[in-house]
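This report refers to the structure that appears directly beneath it.
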2 protein chains.
Amino acid sequence: MRPNKKDELVRKALTVFYRDGFHATGMDKLVAETGVSKTSIYKHFRTKEELIVAVLKLRDESFREWFEKRVDELADTPAGKILASFDALEEWFEEDSYRGCMFINAGAEYNCKDDPIRVEAAHHKQVLLEYFTELARQAGARDPGILGCRILLLKEGAIVTSSLLGTAQPACDAKETARILLDEALKR
Amino acid sequence: MRPNKKDELVRKALTVFYRDGFHATGMDKLVAETGVSKTSIYKHFRTKEELIVAVLKLRDESFREWFEKRVDELADTPAGKILASFDALEEWFEEDSYRGCMFINAGAEYNCKDDPIRVEAAHHKQVLLEYFTELARQAGARDPGILGCRILLLKEGAIVTSSLLGTAQPACDAKETARILLDEALKR
DNA sequence: CTCAAGGTGTACTGATCGGTAAACTTTTGC
DNA sequence: GCAAAAGTTTACCGATCAGTACACCTTGAG
């Protein structure tokens, strides 16, 4: 299997895991949906967990790439980008395939706190926090770390709420809330 | 099995499902941990899903009972109760057994949008939204519905973040954020 | 005491779980 | 062109999955 075949396996596995969940997706289903035989899968990944970690690494990379690119398209100023984040989220929520945040879902299924899957999920959130904190700094927030935390809270809340309630509305609520926090962080 | 035995089964099943997850908890493990034989379990619940729904109904009831009671103990005024919500959450986050929100976790594992498990999860969030909205109304918020939404976003965000990052800190961040939103909703 | 009714534990079902052994086919290096 | 290496297929492993058949035991009524 050529190296790009491995990437394609991970890419296809990502789709299935995201759609159906981790425990609910057996290796046999993965074989059927990716077209890659089980033996080949186990040539590249020693266990299902290892495959899941690879899937999460890809997800981290591609989600952030998409998100940051979309935010850059939607706004020019740092403050504008913070608000535009929620427009980008809204677009995501409205996709038919939207199934919440894959890292939150992974954390829900793998609870042992030093599980590599959970570590990967925590890492993703940490990197997003740094992204928002950097935007907050560029926007001139009084305390960029605190504003970053707050924006992250709104983002996570919007993801969970929109997923469970089945509406993209929380993205708008979060955006208006972010506007208030931004004002507060810039005044004086 | 006497009726209170059934409740005890659901209570014990709740502990196991919350600790280990839904798909990762087989009926055999449930038999071992509850001391109730499989035959007896299936006398009361036709399927595992039906048992899970019963567990979620109990969780909804007991969580809200604990939460609202704790908030009432911590504050007297409606605005104070909104802020005290995050103190109550912080206490929850610090429990050793804390494993995030059971409804978010359930939604992560059961993605089919009309699955009764998912419906139960959505219902729980809806009821909490009404709780916060009512507090916002009593506090004299300009638009109680909007403030309620925002507080809910903060709560969900804090739950997810504290669960993945393994720290109760997001409860404090969310509380300070709620204070800003409250001020904004009361001014003028 | 007897007998019926309902709750219980044991042992099992076929299906699927994650993972592997070994034969077979394709690709690669020389 | 030919052999070694890499990838694939098929068939299988024991364990566990959700769910059930049935014998057993307890209980309450007469």
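A note on names: the letters A, B, ... follow the listed sequences, proteins ahead of strands, and every chain is numbered from 1.
Applying the salt bridge (charged side-chain N to carboxylate O under 4.0 Å, His left out) test to residues at least two apart or on different chains, the pairs with a partner in residues 121-147 of chain B are B:Lys125-B:Glu156, B:Glu134-B:Arg137, B:Arg142-B:Glu184. Applying the salt bridge (charged side-chain N to carboxylate O under 4.0 Å, His left out) test to pairs two or more places apart or on separate chains, those with a residue in residues 167-179 of chain B are B:Asp87-B:Lys175, B:Glu176-B:Arg179.
In this structure, B:Tyr42 reaches the D:dG19 phosphate: one of its side-chain N or O atoms is under 4.0 Å from OP1 or OP2. OP1 or OP2 of C:dG18 sits under 4.0 Å from a side-chain N or O of A:Lys48. Residue B:Ser37 places no side-chain N or O under 4.0 Å from the OP1 or OP2 atom of C:dT8.
Annotation: side-chain contact (heavy atoms from CB on, under 4.5 Å) contacts of A:Arg64 (sequence neighbours excluded): A:Asp60, A:Glu68, A:His124, A:Val127, A:Leu128. Listed by chain and residue number, nothing satisfies the ring pair (Phe, Tyr, Trp, His ring centres under 6.0 Å) test with B:Phe86 (two or more places apart in sequence, or in another chain). For the ring pair (Phe, Tyr, Trp, His ring centres under 6.0 Å) test, no residue two or more places apart in sequence or in another chain qualifies with B:His123.
Distance B:Leu9 CG to C:dG7 P: 14 Å, rounded to the nearest Å. The NE2-P distance, from A:His44 to D:dA6, rounds to 12 Å in whole Å. In this structure, the CG atom of A:Leu30 is 15 Å from the P atom of D:dT8, given to the nearest Å. Per the geometry, NZ belonging to B:Lys38 stands 12 Å off P belonging to C:dT10, to the nearest Å. To the nearest angstrom, P of C:dT10 lies 14 Å from CD1 of B:Ile41. Atom P of nucleotide C:dG18 and atom OH of A:Tyr110 are separated by 8 Å, given to the nearest angstrom. The interatomic distance linking A:Lys43 (NZ) with D:dT8 (P) rounds to 9 Å, in whole Å.
Neither side chain, A:Ser97 nor A:Tyr18, offers a donor N or O lying under 3.5 Å from an acceptor on the other.
Remark: A:Lys155 is not positioned above the aromatic ring of A:Phe67, lacking an NZ or CZ atom under 6.0 angstrom from the ring centre and at most 45 degrees off the axis.
For the segment residues 19-28 of chain B, the set of residues with a heavy atom within less than 4.0 Å of an atom of DNA chain D comprises B:Thr25, B:Gly26, B:Met27, B:Asp28, in numerical order.
DNA chain D is contacted by both B:Arg46 and A:Gly35; A:Gly35 maps to the nucleotide lying nearer its 5′ end (nearest heavy atom per residue).
Checked by distance alone, B:Thr39 brings a side-chain donor or acceptor within 3.5 Å of a matching partner on the base of C:dT10.
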